Peer 1: 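Take this structure first; my questions come after.
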Amino acid sequence: MKAQTFTLWKRSGGYGDALAAIGLARLLYVLTGQNPLVREEPGAFAVVLPEPVDLDALDYGRLRHNPGYRYVRLKADDDQAPESDFLDYEKERARYVAWRDLRKKARAGRALSDEERRQLEAAQPRSDWGLWQSLNVLQALGTYNKLHAAFRNAHPQELVEAVKAKLAAMAQGIPVWTVDTAFSPVVSAVQAFNPTVGKGINRPKPDGAPVANLPKTYADWFEEYLRYLGVEAGLCAYGLGEDYKFLAVVPGRVDAAVLEQVLIREFRALSQRFRYGSILLDIQSALELAKLLLHHVEAGDWTPRDVIRGVQAAYFKSLGSGRA
């Protein structure tokens, strides 16, 4: 089957749809080597390849060895982690703590030695450390890692047929959650990736059924997989005291490589210098994105809103033992 345009229907109402669209672009790049265009349409996102591809000829088997996103090893004794190419959470946290302690000394007015300055520079945390720290606090990495392990342990042919069937449905404009597959790992709907699924949306207590009782089609494994693919490329997080705020860039009509490599990565790096406060984050994110668009997107008959629709946010308020 030849395909060029893949339709992802919106249904979360939050940044979960944007994450899935960015994740779909990443998946198609991994499978085809082509750099797609991500385009928002009424009620959906369309991800368009430069050239049609034969879905039957793609190498889906490679996803069994590398699902396309990194496993986060939370503990050194995690026996589900892959042998390599994972994010070592304990190591990155130790690096952050060392940097934080040295920075406190400098801010207290104590002169740092040359060796301490070198240590401060070497200990500079990852630009996305705040994202992984926030996801861990919100207990979002359990299901994230579980699906990664499910891919690596899947029956090879079942995984191939499942991914191919999902992409074929999207190529025909069919809602992906209506397609059943033999490979169908159980995933949990997590607020950090899809804020509208849990408590706190309308008031502290949920209006409807608890997340655990949502129908299986609402937490489709492939949709969640696409969101996980989109996390590194499309999500930023910030600690605001005991609360957390997540921001996601929403594509309008933009090349996926420009979106991920320029707009989002540079935006994330710039955002580390933002003055934190919920309202300030909203203002600064809009201004910095507009500046990045002016610098990196070729001039034409467009406005910044044509390329990027905006920034969607979710604020997770600390409730003592949990966050909503």
Side-chain angles (χ1 to χ4, degrees), residues 3-53 68-69 127-128 131 167 170-171 173 176 193-195 223 225-237 246-272 274 281-314:
Q4 185 173 10
T5 300
F6 300 81
T7 301
L8 176 71
W9 292 100
K10 296 179 185 178
R11 60 175 182 154
S12 79
Y15 61 60
D17 295 321
L19 282 186
I22 295 169
L24 176 58
R26 294 194 85 188
L27 176 62
L28 291 173
Y29 175 77
V30 167
L31 292 175
T32 70
Q34 296 188 38
N35 184 43
L37 176 78
V38 183
R39 184 178 69 217
E40 188 185 37
E41 298 183 344
F45 284 102
V47 180
V48 186
L49 293 170
E51 301 290 337
V53 293
Y69 68 91
S127 63
D128 61 353
L131 172 64
L167 288 178
M170 299 174 100
V176 70
F193 305 123
N194 189 6
E223 278 189 311
Y225 170 53
L226 295 181
R227 291 187 180 108
Y228 301 166
L229 285 171
V231 165
E232 284 191 74
L235 195 60
C236 301
F246 286 74
L247 299 178
V249 175
V250 182
R253 182 185 177 88
V254 61
D255 179 281
V258 172
L259 177 66
E260 178 177 347
Q261 297 172 17
V262 176
L263 297 181
I264 294 173
R265 288 186 183 176
E266 288 198 27
F267 172 70
R268 180 180 286 140
L270 283 169
S271 70
Q272 301 309 306
F274 287 177
L281 277 173
D282 292 341
I283 295 169
Q284 290 175 114
S285 63
L287 292 175
E288 291 299 334
L289 269 177
K291 281 197 256 182
L292 286 172
L293 285 168
L294 293 173
H295 281 106
H296 294 293
V297 180
E298 293 184 7
D301 187 18
W302 57 270
T303 66
R305 181 172 170 78
D306 294 327
V307 181
I308 298 296
R309 286 289 184 245
V311 179
Q312 287 184 311

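Just the heavy atoms: all of them, side chains too, but no hydrogens, waters or symmetry mates, feed the values below. These numbers come from a predicted model, not from an experiment.
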Peer 1: Over all heavy atoms of both residues, which pair between Y15 and A248 is shortest? Give the atoms and the distance, please.
Peer 2: CB-CB, 3.5 Å

Peer 1: With a 4.5 Å cut-off on side-chain heavy atoms, are L167 and L31 touching?
Peer 2: yes

Peer 1: Say you draw a straight line from CG of N35 to CG of L49; how long is it, rounded to the nearest 0.5 Å?
Peer 2: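 These two atoms lie 9.5 Å from each other.
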
Peer 1: Could you please spell out the steps behind the side chain to side chain contact (heavy atoms under 4.5 Å, CB included) verdict for L19 and L235?
Peer 2: CA-CA 7 Å; L19 282 186; L235 195 60; 4.1 Å; yes

Peer 1: L247 and D282: side chain to side chain contact (heavy atoms under 4.5 Å, CB included), yes or no, with the steps?
Peer 2: CA-CA 9 Å; L247 299 178; D282 292 341; 4.3 Å; yes

Peer 1: M170 versus L28: any side-chain heavy-atom pair under 4.5 Å?
Peer 2: no

Peer 1: For V250, does its backbone N or O pair with a side-chain atom of R309 as donor and acceptor, under 3.5 Å?
Peer 2: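 A pair under 3.5 Å: no.
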
Peer 1: At what distance, to the nearest 0.5 angstrom, does CD of E51 lie from CD of Q4?
Peer 2: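 That separation rounds to 6.5 Å.
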
Peer 1: If you compare all heavy atoms of A171 against all heavy atoms of A3, which two are closest, and at what distance to 0.1 Å?
Peer 2: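 Heavy atoms of A171 and A3 come nearest at CB-CB, 3.6 Å.
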
Peer 1: Within the side chain of D17, is there an N or O that forms a donor-acceptor pair under 3.5 Å with the backbone of A44?
Peer 2: no

Peer 1: Looking only at non-hydrogen atoms, find the nearest pair between I22 and P251 and report the distance.
Peer 2: CG1-CG, 4.2 Å

Peer 1: Of all the heavy-atom pairs spanning G173 and T7, show the shortest one and how long it is.
Peer 2: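 Shortest heavy-atom contact: CA-CB, 4.2 Å.
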
Peer 1: Between P36 and V47, which heavy-atom pair has the shortest distance, and what is it?
Peer 2: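 Scanning both residues, the minimum pair turns out to be CB-CG1, 3.7 Å.
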
Peer 1: Locate the shortest heavy-atom distance separating V38 from A256; write the atom from each residue and the value.
Peer 2: CG2-CB, 4.2 Å

Peer 1: Could you check whether any side-chain heavy atom of L131 comes within less than 4.5 Å of a side-chain heavy atom of F246, counting everything from C-beta outward?
Peer 2: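 A side-chain contact exists here, since the closest heavy-atom pair is under 4.5 Å.
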
Peer 1: Compare all side-chain heavy atoms of L259 with those of V307 and state whether any distance is below 4.5 angstrom.
Peer 2: no

Peer 1: Could you check Y225, F6, Y69 and say which one makes a side chain to side chain contact (heavy atoms under 4.5 Å, CB included) with L27?
Peer 2: Y225

Peer 1: Atom CG of D306 and atom CD of E40: how far apart are they, to the nearest 0.5 Å?
Peer 2: 11.0 Å

Peer 1: With rounding to the nearest 0.5 Å, note down the distance linking CZ in F45 to CH2 in W9.
Peer 2: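 Here the interatomic distance stands at 12.5 Å.
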
Peer 1: With heavy-atom distances below 4.5 Å as the criterion, would you say the side chains of Q312 and S12 are in contact?
Peer 2: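 A side-chain contact under 4.5 Å is absent here.
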
Peer 1: Which pairs pass side chain to side chain donor-acceptor pair (under 3.5 Å) with one or both residues in residues 18-32, sequence neighbours excluded?
Peer 2: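 The answer is R26-E260.
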
Peer 1: Taking only residues two or more places apart in sequence, or in another chain, which ones meet E41 in a side-chain hydrogen bond (donor to acceptor under 3.5 Å, both in side chains)?
Peer 2: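 Residues passing side-chain hydrogen bond (donor to acceptor under 3.5 Å, both in side chains) with E41: R39.
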
